[in-house]
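Note that ligands are numbered from 1 as they come in the structure, with each ligand's atoms numbered from 1 the same way. The first residue of the sequence shown is numbered 1, and numbering continues consecutively from there. Quick caveat: nothing in here was measured; it's all calculated off a predicted structure.
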Amino acid sequence: NIDVFTFGETMVLFQAEQMLPLEYVHTFPKLVGGAESNVAIGLARLGHSVGWFSKLGDDPFGRYIHKFIRGEGVDTSSCLFTEKAQTGLLFKERLSPEDVNVYYYRKNSAASLMEPADLNEDYISQAKILHITGITPALSESCYQTVMVAIQIAKKHKMTIVFDPNLRLKLWSAEKAKEVFNEIASHADVILPGLDEGQFMTGKTEVEDVAVALMGEQDKTIIIKLGSKGAYLHTKHEKAYIEGFPVDRIVDPVGAGDGFAAGILSGLLRNDPLPVVVKRANAIGAIVVGVSGDVEGLPTLPAVERFME
Ligand code: ATP
């Protein structure tokens, strides 16, 4: 049985060991990178059962990703392996701690072949929550269609739909991203943009105006991430800034958003009041930025509670 269903592309991540232009880097520790699998691992660590789906290449990198994510306690039983394409790769260049560039080798990857027929409705509908990121629809037309069919399945089974935009302008045009983000947002119950993504989607500047525009005429929960300042929570009945937790030393800002999303999903599953949900998500984001790597810092529930004290 699963509580959350999420799906997307996870790549093997080769992280430059030396802080140099990529052409001068000799060694690349091999890691795993993918927003949806980060969220899935975060949820598993917080004690939830979560299903992550992807199409992986039938190659050593695909098997590595599969074993890694399964090893973290995520249900990967719905994953498919294909011989038609290879697993996507990603190289990360570090010129300074703040100046990080990514180089993708993911065009026409195995994951980009995901299609609506790959979705198993009986499996997905066990979950209470469908988690969607804005990366998956950017991968290909069939991935976009897969996202839209997953949303239909979630609606049919009265699942909660949570949308985290995760804008990646290397994957598609701003124009197309904006159109698709707003389409997905119109179906979502909970939207988790960073302020910059919310501004991008709505054309508004102020936090509160962004939230009002994202809400539109519908009843949604909007949670806008504000980095070190925490987050802004906006529903029909509640409007509140939820303060972030101070971080002594930022080691690696990447992955905070995914940890934050795992915290939100976990809190929703626990039926906690929304301000409590957002506060715990802020704590997880703050913990993650203090640890190197996307998933290494993701805490267990007792660890978050200790941190919050
Ligand atoms: P990512 O870089 O992973 O894509 P994001 O842009 O989606 O992240 P952020 O606003 O950077 O999202 O971070 C998500 C949450 O993590 C914030 O809302 C906040 O709660 C927490 N967080 C991030 N950075 C810091 C920080 N420097 N100090 C304290 N908390 C932080």
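Polar contact check, Phe260 against ligand 1: no nitrogen or oxygen pair lies under 3.5 Å apart. For the pair Ala231 and ligand 1, the shortest N or O to N or O distance does not fall below 3.5 Å.
Using a 4.0 Å cut-off between a side-chain N of Lys or Arg and a carboxylate O of Asp or Glu, Lys279 and Asp272 do not qualify as a salt bridge.
For the pair Lys55 and Phe7, the cation-pi test (distance below 6.0 Å, angle within 45°) is failed.
Under a 4.0 Å criterion applied to the non-hydrogen atoms of Lys225, ligand 1 contributes the atoms 7 (O), 10 (O), 12 (O), 14 (C), 18 (O). Close contacts of ligand 1 with Gly255, meaning ligand atoms under 4.0 Å from a residue heavy atom, involve 3 (O). Near Phe245, the atoms of ligand 1 lying under 4.0 angstrom from a non-hydrogen atom of the residue are 28 (N), 29 (C), 30 (N). Listed by number with element, the atoms of ligand 1 under 4.0 angstrom from any heavy atom of Gly285 are 16 (O), 21 (C).
Here the side chains of Arg249 and Val251 are in contact, with some heavy-atom distance below 4.5 Å. Using a 4.5 Å cut-off on side-chain heavy atoms (C-beta onward), Ser109 and Tyr104 make no contact.
Counting non-hydrogen atoms of neighbouring residues, nucleotides and ligands closer than 6.0 angstrom, the CD atom of Glu217 reaches no more than 12 such neighbours.
Side-chain heavy atoms closer than 4.5 Å link hydrophobic residues (I, L, V, M, F, W, Y) into clusters, and following such links, possibly through other members, connects Val288 to Leu265. Criterion: ILVMFWY side-chain heavy atoms under 4.5 Å apart, direct or through other members. Under it, Val32 and Val12 are part of a common hydrophobic cluster.
From the protein, the heavy atom lying nearest to atom 18 (O) of ligand 1 is Gly230 O, 2.9 Å. Shortest contact from atom 2 (O) of ligand 1 to any protein heavy atom: Pro253 O, 3.6 Å. The nearest heavy-atom contact from the protein to atom 20 (O) of ligand 1 is Asn282 OD1, 2.7 Å. Nearest protein heavy-atom neighbour of atom 28 (N) of ligand 1: Val247 CG2, 3.2 Å. At the top of the distance list for atom 13 (O) of ligand 1, counting protein heavy atoms only, stands Ala256 CB, 3.6 Å.
Scanning Pro246, Gly290, Gly227 for the heavy atom closest to atom 23 (C) of ligand 1 points to Gly227. Among Asp248, Asn166, Ile250, Ile224, the residue whose heavy atom lies nearest to atom 27 (N) of ligand 1 is Ile250. Remark: among candidates Ala281, Ala35, Gly257, the nearest residue to atom 5 (P) of ligand 1 is Gly257, based on non-hydrogen atoms.
No donor-acceptor contact under 3.5 angstrom links the side chains of Tyr24 and Glu93, judged on distance only.
Heavy-atom separations between Gly194 and ligand 1 are all 4.0 Å or longer. Heavy atoms of Gly244 come nearer than 4.0 angstrom to ligand 1 in no pair at all.
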What verdict does the side-chain contact (heavy atoms from CB on, under 4.5 Å) test give for Leu192 and Phe163, after you've listed the backbone C-alpha separation in whole Å, the side-chain angles of each residue and the deciding distance to 0.1 Å?
CA-CA 6 Å; Leu192 307 176; Phe163 175 50; over 6 Å; no
Please determine whether side-chain contact (heavy atoms from CB on, under 4.5 Å) holds for the pair Tyr232 and Val210, giving the CA-CA distance in whole Å, both sets of side-chain angles, and the decisive distance to 0.1 Å. CA-CA 11 Å; Tyr232 177 66; Val210 169; over 6 Å; no
